[in-house]
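Structure, as structure tokens:
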There are 2 protein chains.
Amino acid sequence: MGGPRFEPVRTVRAYERIVEQIEEAVETGALTPGQRLPSERDLMAQFSVSRSTVREALRVLQARGLVQSRPGDPNGAEVQPFSPAALHKSMTTLARVDELSLGELVQFRMVLDASANLLAARLRTDEQLAEMDAAIERMRRAAEVSYDEFSAADVAFHDAVARASRNKLIEISTGVVRSIVLNLIAGKIASSDDRVALMRRSIRHHEEVLDAVRAGDGPLAARLSRETMYDYYVDYVPADERPALRALLEE
Amino acid sequence: MGGPRFEPVRTVRAYERIVEQIEEAVETGALTPGQRLPSERDLMAQFSVSRSTVREALRVLQARGLVQSRPGDPNGAEVQPFSPAALHKSMTTLARVDELSLGELVQFRMVLDASANLLAARLRTDEQLAEMDAAIERMRRAAEVSYDEFSAADVAFHDAVARASRNKLIEISTGVVRSIVLNLIAGKIASSDDRVALMRRSIRHHEEVLDAVRAGDGPLAARLSRETMYDYYVDYVPADERPALRALLEE
DNA sequence: TGCAGCCTACTGGTCAGACCAGTGCACTAG
DNA sequence: CTAGTGCACTGGTCTGACCAGTAGGCTGCA
């Protein structure tokens, strides 16, 4: 004992070193969205590796959503602005392989949406309030006509609230989880009559939430938004998962 | 108008088709963690493509955390159990590229941790309570000795709470966001004296939270956990972001 | 018979060079 | 001045090769 502490060495593949370097450049801002990488043939000269190695690195970067290449493009791969696509992908995978239940997803949405409303009640601008108004008005018009359009307007409302929370992480996460939930229940929607009733009730709920946001009453907006979501999704959730959802209503 | 509606065709690369097929197999359970993929040379025969194409597909799958290959392994790539590594990676990228502020991250932690506590208060088992007790005891012993050990015990406590919430999404997200936050403030820690005082106060706060969880008072546990986290991190957060954090304390 | 050590047949990682279908730009013919 | 045509270049794919590493069977010794 007492000798020098050696660290286990990790053999690093060539393409990983390339990924690291380019990733570093993007994250430090040396490469900004819209800029182009050199062509693969240039990169292979710069990194002193073969084109296959360069390409494997680019595949990884592309899977992470950092760059995007297009065949025939006389410029190299384009650095992408951040998009939640990668986040969405891994969360979708999580939902499928780890068998996330609909209950867990809805519960998560209740948590996120409630906090977005809580913050929005404090921080919203008049302009954002107008957006929410417009979204609800759009829901009203759509309710009797098209479920898809209603759903889109509903999404717009929640997006406006999320933006008003001024927390990008909340904004992105709500979007990602919502799309997974909507995807899961797509096709499982109730009968047409039930659906119209559901939409009407949902509009009333959204109006109440918006009133609370407008009044600046965060805790109320949060509570109402949880109830709104519970009411809207509870029928899709298996009975044995509902108690856990109701636990969130008691706060 | 009125003719058949044509969909825009998306040229799909060969390696993407391979990714899709293997991904599908993993997500439907046809391939389970621990199982091996055929070797690259077998795959290239099965998919009728060249090895470079197979390899590019494997790189993508590996970036998504679905498989892992090891050079020299006489078996093929191994299907991995889901790990939040990919989620972690994309959220870290988000934090760096999109310049997520520490304030936003802490705010998100407050939201998640509070809801974990709320649920844990309802759903915790006695065994999980014992884990939380043990973690706090470990924090007590470590406080006077090592900040790192204290921090590890703190993590153990929050992990136990997250598990007790019985929501895998909350559990994973808290872990991911926490490690990003800890990474951001690493090195920025206050002076030694302040640090000890901070740890002592934090222990007291954790005890209060645990009491509320033990008593089954979810809303109280949630509120206390928000306060605990605010108190612990507020000094690292720029002054102009603090009001947004305080907004969460009012619920 | 038992086991230590070597050998071989694989693996993944990398390289080199080639072809193809696209793309954008410069040039050319009208 | 413009419409049209090449051309030079891109990324996507293929072929075939070499290397270092691994595991498991085989050999030969004790």
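Per chain, numbering begins at 1; letters A, B, ... match sequence-line order. This is a predicted model, so every value here is computed, not measured.
As a whole-Å value, the separation of B:N75 CG from C:dA9 C1' is 14 Å. Protein atom CD of A:E78 is 16 Å distant from nucleotide atom P of D:dT10, rounded to whole Å.
Under the rule for a side chain to side chain donor-acceptor pair (under 3.5 Å), the partners of A:E241 that lie at least two apart in sequence or sit in another chain are A:S101.
Among all heavy-atom pairs drawn from A:Y236 and A:Y232, the shortest one is CE1-O, 3.7 Å. The shortest non-hydrogen separation linking B:A86 to B:A63 is CB-O, 4.2 Å.
Within the structure, the side-chain hydrogen bond (donor to acceptor under 3.5 Å, both in side chains) test picks out the following pairs touching residues 167-187 of chain B (sequence neighbours left out): A:Q107-B:N167, B:H88-B:S179, B:D159-B:R178.
Note that CZ of B:R138 is 10.0 Å distant from CG of B:D154, once rounded to the nearest 0.5 Å.
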Margin query: Generate the contact string for nucleotides 14-27 of chain C. Rules: B means base contact, S means sugar-phosphate contact only, - means no protein heavy atom under 4.0 Å.
Written below: BB--BB--BBS---
